[in-house]
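This one's a predicted model, so the numbers in the text were calculated from it and none came from an experiment. Each chain gets a letter, A, B and so on, in the order its sequence line appears, and its residues count up from 1.
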Protein chains: 2
Amino acid sequence: MKEMTIKDLTEILKEKNVKPSLQRLKILEFLFKANNHPTVDEIYSALIKDIPTLSKTTVYNTLNVLIESELVKVVNIENTESRYDAIPEEHGHFKCRQCGKIYDFHFDMNLIDSQVPPGFIVSEKDVFFKGICRECLNNNI
Amino acid sequence: MKEMTIKDLTEILKEKNVKPSLQRLKILEFLFKANNHPTVDEIYSALIKDIPTLSKTTVYNTLNVLIESELVKVVNIENTESRYDAIPEEHGHFKCRQCGKIYDFHFDMNLIDSQVPPGFIVSEKDVFFKGICRECLNNNI
DNA sequence: TACTATTTTGTAATGATTATAAGTTTATTA
DNA sequence: TAATAAACTTATAATCATTACAAAATAGTA
């Protein structure tokens with residue numbers, strides 16, 4: 001994801017009628033920069049340095065605001081905790097059963113449009129694979 | 001899913017080296033019959049009538065055994081609780097943003113094989129859509 | 001400035017899942 | 001068959017992500 005200035009981020013939030021508070025700007029900025037589906041804890045730990053008063057409740061609240069504005073989406077890869085993506089270029093997720101790592105990979109969602117059931121409106125598409133990653137396969141030889 | 005006799009289920013478990021206890025047979029039978037991704041609570045509530053001593057811990061334990069044997073898979077549609085499917089004919093999931101209902105629909109997973117990243121082995125594929133279902137669309141007119 | 005609405009924060013509550021240890025059943029061996 | 005070990009089930013307690021709630025802080029407005 002390309003660089004985003006605070007001005008850019010402010011504009012993005014205003015377009016969605018979300019007040020651009022410091023916390024919201026920083027959380028959204030972090031998600032645009034991140035490329036690894038951070039958890040709430042990871043977001044919190046990264047930003048507490050910038051915003052020493054930050055509360056974990058605020059991270060949760062803000063994420064929910066951003067999700068409602070369709071700027072962020074939840075990725076429930078593990079069932080133990082949710083992860084969050086700033087709405088990005090289309091991609092699928094792959095989780096390695098052995099090392100547990102989560103990979104992004106390019107995925108053309110248009111390919112699956114023909115299989116959407118008729119009469120339904122789809123606003124979000126997720127594709128999620130599990131298996132063994134290349135690295136683990138090589139290590140097992 | 002077609003009818004399964006206790007004998008069938010016993011055989012299925014034995015093939016996976018899982019001892020066919022009453023609890024395991026009943027839980028697996030319930031999952032084969034169910035077509036709605038039941039939660040742990042739903043499984044427990046349904047089976048407590050047959051097995052009055054059943055414990056919720058056993059449901060969790062058994063599900064984990066069945067998952068390791070690849071007879072059952074988890075579906076993390078909501079992030080509040082997990083749902084469970086007996087490995088079924090291929091299908092995708094659709095969750096309506098308005099009424100919350102979860103639909104199954106036919107989906108040919110072979111269509112997405114070409115997009116699997118090279119060098120990775122995929123053993124499970126999930127496709128998950130969100131949007132507005134036909135029924136809600138009709139009601140909103 | 002005074003007042004109101006919005007946002008943030010800390011603490012407590014909720015609820016799904018797991019850990020643990022004891023009880024029960026099944027399998028094994030002599 | 002009796003004794004013993006292994007596997008399975010159960011009840012209770014602990015864990016941990018998430019939400020509820022109410023108070024404190026901030027921003028907006030007249």
Side-chain angles (χ1 to χ4, degrees), chain A residues 6 9-10 13-14 16-30 37-69 71-85 100 102, chain B residues 6 9-10 13-14 16-30 37-69 71-85 100 102:
Chain A
I6 292 297
L9 296 163
T10 303
L13 288 177
K14 278 188 177 166
K16 298 285 186 177
N17 291 316
V18 176
K19 285 195 194 164
S21 70
L22 175 66
Q23 289 83 347
R24 288 169 176 174
L25 287 167
K26 285 293 185 183
I27 290 172
L28 186 58
E29 181 187 38
F30 183 77
H37 332 286
T39 64
V40 165
D41 268 1
E42 286 164 357
I43 298 168
Y44 175 78
S45 302
L47 295 183
I48 191 73
K49 295 157 195 158
D50 286 334
I51 314 172
T53 63
L54 185 65
S55 146
K56 211 173 277 188
T57 302
T58 300
V59 179
Y60 278 105
N61 290 343
T62 301
L63 287 170
N64 286 332
V65 167
L66 296 176
I67 288 165
E68 298 222 344
S69 314
L71 291 169
V72 168
K73 75 180 207 183
V74 190
V75 190
N76 287 319
I77 295 176
E78 288 102 353
N79 63 350
T80 51
E81 59 187 354
S82 293
R83 292 175 171 274
Y84 299 87
D85 260 358
I102 294 158
Chain B
I6 293 297
L9 295 163
T10 302
L13 288 176
K14 277 189 178 165
K16 298 285 186 178
N17 291 316
V18 176
K19 285 193 195 166
S21 70
L22 174 66
Q23 289 82 348
R24 288 169 177 175
L25 286 167
K26 286 292 187 184
I27 290 173
L28 186 58
E29 181 187 39
F30 182 78
H37 331 286
T39 64
V40 164
D41 268 0
E42 287 164 357
I43 298 168
Y44 174 78
S45 302
L47 295 184
I48 190 74
K49 295 158 196 157
D50 286 334
I51 314 172
T53 62
L54 185 65
S55 145
K56 211 173 277 187
T57 302
T58 300
V59 179
Y60 278 105
N61 290 343
T62 300
L63 287 170
N64 286 332
V65 169
L66 297 176
I67 288 165
E68 298 222 345
S69 314
L71 291 170
V72 168
K73 74 180 209 183
V74 190
V75 191
N76 287 318
I77 294 176
E78 287 101 354
N79 64 350
T80 50
E81 60 188 353
S82 293
R83 293 174 171 274
Y84 299 87
D85 259 358
I102 294 158

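- For the atom pair OG1 of B/T10 and NZ of B/K19, the computed distance is 14.5 Å after rounding to the nearest 0.5 Å.
- Rounding to the nearest 0.5 Å gives a distance of 9.0 Å between OG1 of B/T80 and CG of A/N76.
- Contact annotation: the side chain of B/S21 approaches that of B/R24 to within less than 4.5 Å [non-hydrogen atoms, C-beta and beyond].
- Taking every heavy atom of residues 71-85 of chain B and every atom of DNA chain D, no pair lies under 4.0 Å.
- Salt bridge annotation for A/K16-A/E68: absent, with no cationic side-chain nitrogen under 4.0 angstrom from a carboxylate oxygen.
- In this structure, the CG atom of B/L13 is 15 Å from the P atom of C/dT26, given to the nearest Å.
- Once you apply a 4.0 Å limit to the heavy atoms of chain A, the touched nucleotides of DNA chain D run 5' to 3' over D/dA17 to D/dA20.
- Between the OH atom of B/Y60 and the OH atom of B/Y84 there is a distance of 6.0 Å, given to the nearest 0.5 Å.
- Partner of A/T57 under the side-chain contact (heavy atoms from CB on, under 4.5 Å) criterion, out of A/N61, A/L54, A/V59: A/N61 alone.
- In this structure, CG on A/L28 lies 9.5 Å from OG on A/S69, to the nearest 0.5 angstrom.
- Annotation: side chain of B/L13 is in contact with side chain of B/L66 (closest heavy-atom distance under 4.5 Å).
- The side chain to side chain donor-acceptor pair (under 3.5 Å) check on A/K73 picks up A/D126, with sequence neighbours excluded.
- A heavy atom lying under 4.0 Å from DNA chain C marks the following residues of residues 17-25 of chain A, by number: A/K19, A/S21, A/Q23, A/R24.
- Within the 4.5 Å cutoff, the side chain of A/K56 has heavy atoms near those of the A/V40 side chain.
- To the nearest 0.5 Å, the span separating CD1 on B/I48 from CD1 on B/I43 amounts to 13.0 Å.
- Going from atom CG of A/N79 over to atom CD1 of B/I77 covers 13.0 Å, rounded to the nearest 0.5 Å.
- Against DNA chain C, the stretch residues 59-69 of chain A makes heavy-atom approaches under 4.0 Å through A/N61.
- For residues 49-57 of chain A, proximity to DNA chain C is found at A/T53, A/L54, A/S55, A/T57, defined as any non-hydrogen atom under 4.0 angstrom from a strand atom.
- With contacts defined as side-chain heavy-atom distances shorter than 4.5 Å, the pair A/V74/A/R83 does not qualify.
- Taking 4.5 Å as the limit, some side-chain heavy atom of A/E78 sits within range of a side-chain heavy atom of A/I102.
- When side chains are defined from C-beta on, A/L47 counts as touching A/I27, because their heavy atoms get closer than 4.5 Å.
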